[in-house]
Protein chains: 2
Amino acid sequence: MTGGAQPPRETSLDVIQRELTAFARRARAAAARVHPELPLVSYTLLAHIEERHGCRATDLAAHYLLDKSTVSRQLAGLEKLGFVERRPAPDDHRVQVLHATEAGTKVLATARTNRQAAYQERLKDWSAEDLAHFAAYLLRYNDAGTNDLPDRPSP
Amino acid sequence: MTGGAQPPRETSLDVIQRELTAFARRARAAAARVHPELPLVSYTLLAHIEERHGCRATDLAAHYLLDKSTVSRQLAGLEKLGFVERRPAPDDHRVQVLHATEAGTKVLATARTNRQAAYQERLKDWSAEDLAHFAAYLLRYNDAGTNDLPDRPSP
DNA sequence: AAAGAACCGTTGTACTATACAACTGAAAGG
DNA sequence: CCTTTCAGTTGTATAGTACAACGGTTCTTT
């Protein structure tokens with residue numbers, strides 16, 4: 001590849017903008033279709049908690065650019081469903097260490113499988129090469145936007 | 001490029017899944033930051049209306065996979081803001097033909113500019129070639145999910 | 001050590017986006 | 001005609017989110 005005449009940057013930017021917007025609009029509904037038992041955000045948070053083997057609510061908020069109240073409520077929901085546990089941290093009584101329960105791990109595995117199946121199906125006609133490139137582009141795109149994470153200009 | 005050993009499909013699918021989810025989670029907030037005057041969905045609908053030089057609410061619902069009630073309320077908002085007009089269709093009294101007003105066109109132009117600037121900035125380090133490829137992948141990805149809705153202008 | 005600042009999480013309130021169902025009004029087809 | 005179908009609105013409910021105010025905790029500074 002390479003070498004050929006590319007469309008101008010403008011055009012590509014326009015397409016990227018439009019298509020990402022279109023995707024964002026559909027994402028929630030699509031996620032709900034794939035795993036109705038576990039809402040999109042809960043899924044993400046739960047996955048993060050499980051991956052880290054215990055983390056704090058504040059970490060989640062920082063990582064996902066969510067307000068702590070949002071996280072708090074999401075966690076309340078997850079706890080109500082019995083998917084996470086809050087353990088008081090022995091060294092700091094302000095924090096709660098979050099852990100995925102057995103049930104949480106299980107439902108997460110199911111959701112993950114369903115999601116993977118959905119993506120598998122949707123992208124079944126793609127070559128491994130195209131998948132790799134697409135994945136790389138997405139990574140690159142997202143990384144560009146999270147650079148501003150560490151510093152929250154607080155007035 | 002090409003030629004090299006690709007990561008297995010599984011891995012790429014996983015990355016795509018994770019990154020698209022991450023993107024979706026941030027999209028709304030990001031859009032609000034870029035053009036706070038015009039909510040994300042309203043922006044999209046207004047852009048569509050303007051582009052088509054008049055379309056029906058039902059078309060919007062079909063195209064964006066939204067419930068007609070959702071579209072109805074979005075349009076109510078846009079009308080209240082003076083950005084769209086509803087004109088009764090002479091041939092069919094059930095339908096309203098939607099048009100962007102002068103103000104709508106103007107605010108849309110501003111929002112579009114802001115968005116483009118944001119994308120421009122975010123993707124400034126990308127080569128034209130990479131942009132073109134990324135755009136193509138996004139198109140391909142989105143098309144796979146929207147096969148079931150060809151755009152039908154009114155008969 | 002006491003006072004104050006910084007931090008963690010919850011709760012009250014409000015708003016956007018969304019769906020589904022019930023409804024009104026208008027066309028279209030027997 | 002009368003029924004069915006279509007276009008759009010409205011009532012109700014839910015998820016996700018933010019911001020602001022608050023109650024405890026811990027850290028810092030005097």
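Just so it is clear: chains get the letters A, B, ... in the order the sequence lines come, proteins before strands, and each one is counted from 1.
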Q) For residues 89-108 of chain A, which residue pairs qualify under salt bridge (Lys or Arg N to Asp or Glu O under 4.0 Å), counting only residues two or more places apart or in two chains? A) A:D92-A:R94

Q: Please list, chain by chain and in numerical order, all residues satisfying side-chain contact (heavy atoms from CB on, under 4.5 Å) with A:E10, sequence neighbours excluded.
A: B:Q120

Q.
Is it the case that the ring center of A:H48 lies less than 6.0 angstrom away from the ring center of A:H63?
A. yes

Q. side-chain contact (heavy atoms from CB on, under 4.5 Å) with B:R115: which residues, sequence neighbours excluded?
A. A:Q17, A:T21, B:A31, B:V34, B:H35, B:L40, B:Y43, B:Y119

Q: Mind calculating the distance between CG (A:L98) and C1' (C:dT10) to the nearest angstrom?
A: 14 Å

Q) Below 4.0 angstrom from OP1 or OP2 of D:dC6, is there any side-chain N or O of B:T58? A) no

**Q.** Atom pair distance, as rounded to whole Å: CG in A:L40 and P in C:dT18
**A.** 13 Å

Q: Give the rounded distance in Å between these two atoms: CZ of A:R56 and C1' of D:dG24.
A: 16 Å

**Q.** Five-pair end axes of the helix from C:dG9-D:dC22 to C:dG30-D:dC1 and the angle they enclose, rounded to 10°
**A.** 10°

Q) Hey, can you pull the residues of residues 67-89 of chain B with a non-hydrogen atom under 4.0 angstrom from DNA chain C? A) B:D67, B:S69, B:T70, B:R73, B:Q74

(Q) Applying salt bridge (charged side-chain N to carboxylate O under 4.0 Å, His left out), can you list everything that pairs with B:D67, at least two apart in sequence or on another chain? (A) none

**Q.** Pairing residues for B:R73 by the salt bridge (charged side-chain N to carboxylate O under 4.0 Å, His left out) criterion, not counting sequence neighbours
**A.** none

Protein and nucleotides 25-30 of chain C: nitrogen or oxygen contacts under 3.5 angstrom:
unit_1	atom_1	unit_2	atom_2	d
C:dA27	OP1	B:H93	N	2.5

Q.
Taking side-chain hydrogen bond (donor to acceptor under 3.5 Å, both in side chains) as the definition, give me every residue that meets it alongside B:R25, ordered by chain and number, with sequence neighbours left out.
A. A:T44

**Q.** Nucleotide C:dT16, atom C1' - distance to CG of A:L66 in whole Å
**A.** 16 Å

Q) Atom CD of A:Q96 to atom C1' of D:dG23: distance rounded to whole Å? A) 14 Å

Q) Among C:dA17, D:dA18, D:dG8, which is the nearest nucleotide to the side chain of B:P39? A) C:dA17

Q.
Using whole Å, what does the distance between atom C1' of nucleotide C:dA17 and atom CZ of A:R25 come to?
A. 12 Å

Q: Would you please name every residue forming a side-chain contact (heavy atoms from CB on, under 4.5 Å) with B:T113, sequence neighbours left out?
A: none

Q: Just grab all the salt bridge (Lys or Arg N to Asp or Glu O under 4.0 Å) pairs involving residues 76-89 of chain A, residues at least two apart or on different chains.
A: A:E79-A:R86, A:E85-A:R87

Q: Take the angle between the ring planes of A:F134 and B:F134 and call it parallel below 30°, perpendicular above 60°, tilted in between.
A: tilted

Q: Applying side-chain contact (heavy atoms from CB on, under 4.5 Å), name anything that partners B:H93, two or more places apart in sequence or on another chain.
A: none

